[in-house]
Asker: 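Take a look at this one; I'll ask things after.
What you see below is based on every heavy atom in this structure, not just the backbone, and it leaves out hydrogens, waters and symmetry mates.
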Amino acid sequence: VAVREFVRSELLSRVPGLRIIDEFEINGEDIDKKRLIDQHYYAIASKATMLKPGKMNVPADKFETFFGETWDKAISDGRAANAMDACAKFDCDAAELDRAWREAEKQSKVVKLGGGFYCGHLSVGS
């Protein structure tokens with residue numbers, strides 16, 4: 001309650017003419033289930049969790065230069081996945097996938113393909 005009152009007070013004092021028409025609470029389970037963060041950060045989240053690899057607009061030249069094969073070949077071989085599908089495919093959670101990602105970064109196995117759009121060659125688990 002104290003946080004809500006503080007935020008309300010700060011918003012009303014800093015934004016002239018602001019009118020708050022509703023207040024409500026969203027718990028973590030609802031944020032996750034409704035993918036509210038994904039929707040808010042759509043440009044990044046679409047590639048990480050929403051779009052399937054075949055639907056992503058990947059700069060073919062950058063991908064092939066970095067990985068030594070075409071994007072189409074990686075897709076047809078079933079070796080391309082977004083983060084959510086990778087967790088399912090490798091039976092891991094987000095923390096384990098993140099550790100694999102950080103390790104791939106250390107090994108220079110991650111390439112930036114566009115704004116907020118990265119691709120990496122990962123090893124998850126054994």
Asker: Just wondering, do Arg4 and Glu25 contact through their side chains at under 4.5 Å, heavy atoms?
Answerer: yes
Asker: Please identify each residue that fulfils side chain to side chain contact (heavy atoms under 4.5 Å, CB included) with Asp61, with sequence neighbours left out.
Answerer: Pro59
Asker: What closest approach, in Å, do Ala81 and Ala86 show between heavy atoms, and which atom pair accounts for it?
Answerer: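 Taking Ala81 first and Ala86 second, the nearest heavy atoms are CB-N, 4.0 Å.
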Asker: Is there a path from Met84 to Ile31 through hydrophobic residues (I, L, V, M, F, W, Y) whose side chains come within less than 4.5 Å of each other?
Answerer: no
Asker: Specify the closest pair of heavy atoms between His121 and Ala104, including all atoms of both residues, with the distance to one decimal.
Answerer: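 For His121 and Ala104, the tightest heavy-atom pair comes out as O-CB, 3.6 Å.
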Asker: Once rounded to the nearest 0.5 Å, what's the spacing between atom CG of Leu97 and atom CZ of Arg102?
Answerer: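 Going from the CG atom of Leu97 to the CZ atom of Arg102 covers 10.0 Å.
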Asker: Could you state the interatomic distance from SG (Cys119) to CZ (Phe66), rounded to the nearest 0.5 Å?
Answerer: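 Answer rounded to 0.5 Å: 8.5 Å.
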Asker: Report the distance from atom CD1 of Ile75 to atom NZ of Lys52, rounding to the nearest 0.5 Å.
Answerer: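 Rounded to the nearest 0.5 Å, the CD1-NZ separation comes to 12.5 Å.
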Asker: Please determine whether residues Tyr118 and Leu122 belong to a single hydrophobic cluster, defined as Ile, Leu, Val, Met, Phe, Trp and Tyr linked transitively by side-chain heavy-atom distances below 4.5 Å.
Answerer: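 Tyr118 and Leu122: one cluster.
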Asker: Tell me whether Lys34 is salt-bridged to Glu29, with the criterion being a basic N under 4.0 Å from an acidic carboxylate O.
Answerer: no
Asker: Between atom CE of Met56 and atom CH2 of Trp71, what is the distance when rounded to the nearest 0.5 Å?
Answerer: 5.5 Å
Asker: What pairs of donor and acceptor atoms, side-chain ones from residues 12-24 against any protein atom, are under 3.5 angstrom apart with sequence neighbours left out?
Answerer:
{"residue": "Ser13", "atom": "OG", "partner": "Ser9", "partner atom": "O", "Å": "3.2"}
{"residue": "Ser13", "atom": "OG", "partner": "Glu10", "partner atom": "O", "Å": "3.1"}
{"residue": "Arg14", "atom": "NE", "partner": "Glu10", "partner atom": "OE1", "Å": "2.7"}
{"residue": "Arg14", "atom": "NH2", "partner": "Glu10", "partner atom": "OE1", "Å": "2.7"}
{"residue": "Glu23", "atom": "OE2", "partner": "Arg8", "partner atom": "NE", "Å": "2.7"}
{"residue": "Glu23", "atom": "OE2", "partner": "Arg8", "partner atom": "NH2", "Å": "2.5"}

Asker: Could you tell me whether the side chain of Phe63 reaches within less than 4.5 Å of the side chain of Val111, counting heavy atoms only?
Answerer: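 Counting from C-beta outward, Val111 and Phe63 never come under 4.5 Å.
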Asker: Could you measure the distance from the CD1 atom of Ile26 to the NZ atom of Lys33? Nearest 0.5 Å is fine.
Answerer: 12.5 Å
Asker: Quick check: closest heavy atoms across Pro53 and Ala80, and the distance to 0.1 Å?
Answerer: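 Where Pro53 meets Ala80 most closely, the heavy atoms are CG-O, 3.3 Å.
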Asker: Ignoring hydrogens and angles, tell me if any N or O in the side chain of Asp77 forms a donor-acceptor pair with the backbone of Arg79 under 3.5 Å.
Answerer: no
Asker: Working to the nearest 0.5 Å, report the span between NZ of Lys112 and NZ of Lys62.
Answerer: 8.0 Å
